[in-house]
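Beneath this line is the structure, given in structure tokens, with notes to follow.
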Amino acid sequence: MPIHPTAIIDRSSEIDASAEIGPYAVIERGCKIGPNVRLYAHAYVSEGTTLAAGVQVHPFAVVGHLPQDVKFTGEPSYTVVGEGTVIREHATIHRGTTPGSTTTVGRNCFIMSTGHVAHNCTIGDHVIIANGGLVAGHVQVGDRAFISGNVVVHQFCRIGELAMLGGLVGVSMDVP
């Protein structure tokens with residue numbers, strides 16, 4: 001599929017020929033965009049991000065941007081999104097804080113509108129983060145967990161495999 005002529009893509013980024021890049025999408029330097037990735041209009045993919053095959057980034061979503069952490073010094077860090085993951089409108093995923101660290105989102109995840117995955121998180125496969133779900137820094141989420149709408153997960157918490165967090169919950173401890 002084509003790359004729209006208004007898309008802004010740094011020449012150092014690697015874009016698979018089958019990727020579709022929509023109008024006004026931005027891809028910063030050092031990104032790797034895999035096969036059949038679709039970036040909708042106004043999607044933003046920041047420096048050092050890897051999007052595996054079939055990832056979708058919807059309008060105004062931001063993937064791999066600077067972490068919201070006062071310890072961040074600007075050193076290179078990364079974001080990796082697994083194949084088949086869907087990142088909906090206005091969702092944000094931030095790269096790692098410490099030099100060389102990575103924020104990882106697994107395969108076939110669904111991050112709904114305004115969901116947030118903070119720096120240094122590890123999100124398992126088939127995880128759903130519903131609208132407004134907020135996952136703070138260094139959180140680990142097990143495979144097939146479901147974080148319902150407007151759930152807030154405090155930093156350094158662990159959410160277990162198959163866990164389901166009900167809407168409007170504040171999580172400040174590990175959930176098996």
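Residues: numbered from 1 along the sequence shown. Fair warning: this is a prediction, and the values are worked out from it, not measured in the lab.
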Checking side chain to side chain contact (heavy atoms under 4.5 Å, CB included) for the pair H119/H138: CA distance, chi angles, key distance, verdict?
-> CA-CA 6 Å; H119 60 87; H138 302 278; 3.5 Å; yes
With the side chain counted from C-beta on, respond yes when I33 and D16 share a heavy-atom pair under 4.5 Å apart, and no when they do not.
-> no
Cluster check V152, V117: I/L/V/M/F/W/Y, side chain < 4.5 angstrom | no
Atom OG1 in T114, atom CZ in F60: separation rounded to 0.5 Å?
-> 14.5 Å
Qualifying residues under salt bridge (Lys or Arg N to Asp or Glu O under 4.0 Å), relative to E28, sequence neighbours excluded = none
Donor-acceptor contact below 3.5 Å, side chain S77 vs main chain P99 = no
Same cluster or not: are V153 and M112 linked, directly or through other Ile, Leu, Val, Met, Phe, Trp or Tyr residues, by side-chain heavy atoms under 4.5 angstrom apart?
-> no
Donor on one side chain, acceptor on other, S46 and H65, under 3.5 Å = yes
Check: I123 and C109 side chains under 4.5 Å, non-hydrogen atoms | yes
State, without any angle test, whether T92 and H116 hold a side-chain donor-acceptor pair at a distance under 3.5 Å.
-> yes
If you measure from the Lys or Arg side-chain nitrogens to the Asp or Glu carboxylate oxygens, is any gap between R158 and D174 under 4.0 Å?
-> yes
Spacing of I3 atom CD1 and I9 atom CD1 [to the nearest 0.5 Å] | 4.0 Å
Closest heavy-atom pair, F146 versus A130, reported as atoms and distance to 0.1 Å, is CE2-CB, 4.4 Å
Kindly work out whether a path of hydrophobic side-chain contacts (I/L/V/M/F/W/Y, heavy atoms less than 4.5 Å apart) joins M164 to V175.
-> no
N/O donor-acceptor pair under 3.5 Å between S12 side chain and G30 backbone = yes
What pair of heavy atoms forms the shortest contact from A118 to A136, and how long is it?
-> CB-C, 3.4 Å
SG on C157 to CE on M173, rounded to 0.5 Å | 8.5 Å
Any donor and acceptor pair, going by atom type alone, linking the side chain of T85 with main-chain N or O of G106 inside 3.5 Å?
-> yes
Give a yes or no on whether the backbone of T97 and the side-chain of S101 come within a donor-acceptor separation of less than 3.5 Å.
-> yes
ILVMFWY cluster, F110 and V63 together (side-chain gap under 4.5 Å) | no
Just by modelled atom types, is the G64 backbone N or O under 3.5 Å from a matching donor or acceptor in the R95 side chain?
-> yes
Could you walk me through whether L39 and L51 pass side chain to side chain contact (heavy atoms under 4.5 Å, CB included), step by step?
-> CA-CA 10 Å; L39 301 183; L51 302 179; 3.9 Å; yes
For residues V135 and C121, report the shortest heavy-atom separation together with the two atoms involved.
-> CG1-SG, 3.8 Å
Give the C-alpha distance, both sets of side-chain angles, the deciding distance and a yes or no for side chain to side chain contact (heavy atoms under 4.5 Å, CB included) between I111 and V105.
-> CA-CA 10 Å; I111 301 173; V105 175; 4.2 Å; yes
Same hydrophobic cluster for I128 and V151, using side-chain heavy-atom links shorter than 4.5 Å among ILVMFWY?
-> no
Closest non-hydrogen atoms of A145 and G160, given as atom of the first, atom of the second and distance, are CB-O, 3.8 Å
How many angstroms lie between OG in S113 and CD1 in I129, if you round to the nearest 0.5 Å?
-> 13.0 Å
Between Q155 and V139, the two heavy atoms sitting closest are CA-CG2, 4.1 Å
Candidate pair I21 and I27, rule side chain to side chain contact (heavy atoms under 4.5 Å, CB included), full reasoning | CA-CA 9 Å; I21 314 297; I27 301 172; 3.9 Å; yes
Over all heavy atoms of both residues, which pair between G167 and S148 is shortest? Give the atoms and the distance, please.
-> N-CB, 3.4 Å
Are V171 and L165 close enough that some pair of their side-chain heavy atoms sits under 4.5 Å apart?
-> yes
Any side-chain heavy atom of F72 sitting closer than 4.5 Å to one from L66?
-> yes
List in chain and number order the residues that pass ring pair (Phe, Tyr, Trp, His ring centres under 6.0 Å) with Y40, two or more places apart in sequence or in another chain; answer none if no residue qualifies.
-> H58
Among I87, V86, I93, find the one that has a side chain to side chain contact (heavy atoms under 4.5 Å, CB included) with V57.
-> I87
Can you pull the side-chain hydrogen bond (donor to acceptor under 3.5 Å, both in side chains) pairs that have at least one residue in residues 122-131, sequence neighbours excluded?
-> R107-D125
How long is the span from the CG atom in D69 to the NE2 atom in H94, to the nearest 0.5 Å?
-> 11.0 Å
Between CD on residue Q140 and CG on residue N120, distance to nearest 0.5 Å = 11.0 Å
